[in-house]
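Note that ligands are numbered from 1 as they come in the structure, with each ligand's atoms numbered from 1 the same way. On a predicted model such as this, the values are computed, not experimentally measured, just so you know. Keep in mind that the numbers below use all heavy atoms, side chains included, and drop hydrogens, waters and symmetry copies.
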Amino acid sequence: MDTISKTASTSNNSSTNQSNGQTWDTEAYAINGRFVATLASDVVALLAAQAGEHILDLGCGDGALTKQLAATGAILTGVDNSPTMLAAARQRNLHVEQHNATALPYHQQFDAVFSNAALHWITGVSGHNSVLAGVHRSLRPGGRFVAEMGGHGNIAAIRTALQATLAPFHIDAEATSASFFPSSALYRRLLETTGFTVQSIELIPRPTPLPTGMEAWLNTFRNGVLNHLSAVDRASALANTIALLEPVLRDADGNWTADYVRLRFHATK
Ligand code: BEZ
């Protein structure tokens with residue numbers, strides 16, 4: 001979730017990230033982004049949370065998955081940088097704190113750090129070096145870091161369609177969205193340079209059904225790019241992006257599937 005930059009603006013149910021303009025609206029996310037938590041069963045299984053363990057959920061968002069992890073009897077702390085998402089997480093009676101993921105304040109107090117679908121919002125290698133240093137510092141000796149994020153090739157068709165659609169508007173969609181989708185070789189290097197021992201790391205293609213369709217996905221997960229356009233241009237850019245994607249991501253029955261690729265890893269301190 002909004003794990004890295006300062007929040008530029010906040011309204012009742014949405015907050016905006018300063019570095020990529022991405023806005024998190026808790027109500028829209030609950031409708032269009034719920035699949036993010038429901039498809040996390042493999043990384044949750046890899047974490048194998050135990051009752052009584054202290055676990056940090058980095059980029060906890062609205063806490064849907066944090067709540068699930070807490071049901072194991074583990075003691076969860078959620079961290080995010082979006083005040084509106086944190087408010088939604090507090091409604092679930094979770095203990096959550098607002099921090100920038102690149103400046104975690106913890107020292108050797110967690111048995112595990114967990115993260116799902118959040119790390120790709122952190123920009124560039126230097127951002128990730130800061131995050132990894134903070135995660136390493138947060139863990140007790142022998143503690144584990146188990147995470148899943150977008151990996152190399154993630155949402156390639158969607159990114160290409162956006163890049164082509166927005167070029168005539170003089171918007172570089174890749175640069176503006178500032179997502180980080182590393183290969184397993186690169187992320188292994190970053191983890192090892194920080195001092196982690198990598199137990200496993202793999203890139204996993206995961207075609208992802210979009211129950212509410214492509215337009216809802218683009219408005220929820222790529223609004224940081226689309227918000228640079230006027231209302232009229234935005235409507236036309238959405239229509240063009242969807243037309244480009246239809247032949248490859250929409251089936252004969254009208255169902256949309258996004259071309260997700262996950263990077264999943266388990267590293268120990
Ligand atoms: C992801 O979970 O991989 C993702 C979601 C939205 C935008 C970019 C990446």
Just checking, is any N or O donor in the side chain of S82 or D80 under 3.5 Å from an acceptor N or O on the other one? no
For T165 and N240, which I'm curious about, is there any donor-acceptor pair between the side chains at under 3.5 Å? yes
Mark yes or no for whether S130, through its side chain, and S126, through its backbone, hold a donor-acceptor pair below 3.5 Å. yes
Keeping Q109 on the side-chain end and H107 on the backbone end, is there a donor-acceptor pair under 3.5 Å? yes
Any N/O pair R262/ligand 1 closer than 3.5 Å: yes
Proximal atoms of ligand 1 relative to [X] (non-hydrogen, under 4.0 Å):
{"X": "W121", "result": "6 (C), 7 (C)"}
{"X": "I155", "result": "8 (C)"}
{"X": "N154", "result": "1 (C), 3 (O), 9 (C)"}
{"X": "F181", "result": "8 (C), 9 (C)"}

Under a 4.0 Å heavy-atom limit, does W217 contact ligand 1 with its side chain, its backbone, both, or neither? side chain
Proximity flag M149 to ligand 1, non-hydrogen atoms under 4.0 Å: no
How close does the nearest protein non-hydrogen atom get to [atom], and which residue and atom is it?
{"atom": "atom 7 (C) of ligand 1", "answer": "R222 NH1, 3.5 Å"}
{"atom": "atom 4 (C) of ligand 1", "answer": "H120 NE2, 3.6 Å"}
{"atom": "atom 5 (C) of ligand 1", "answer": "Y260 OH, 3.6 Å"}

Relative to the ring of Y106, is the ring of H99 parallel (under 30°), tilted (30 to 60°) or perpendicular (over 60°)? perpendicular
When rounded to the nearest 0.5 angstrom, what distance separates CG in L132 from CD in E192? 11.5 Å
Option among T77, L86, L94 that satisfies the side chain to side chain contact (heavy atoms under 4.5 Å, CB included) test with C60: L86
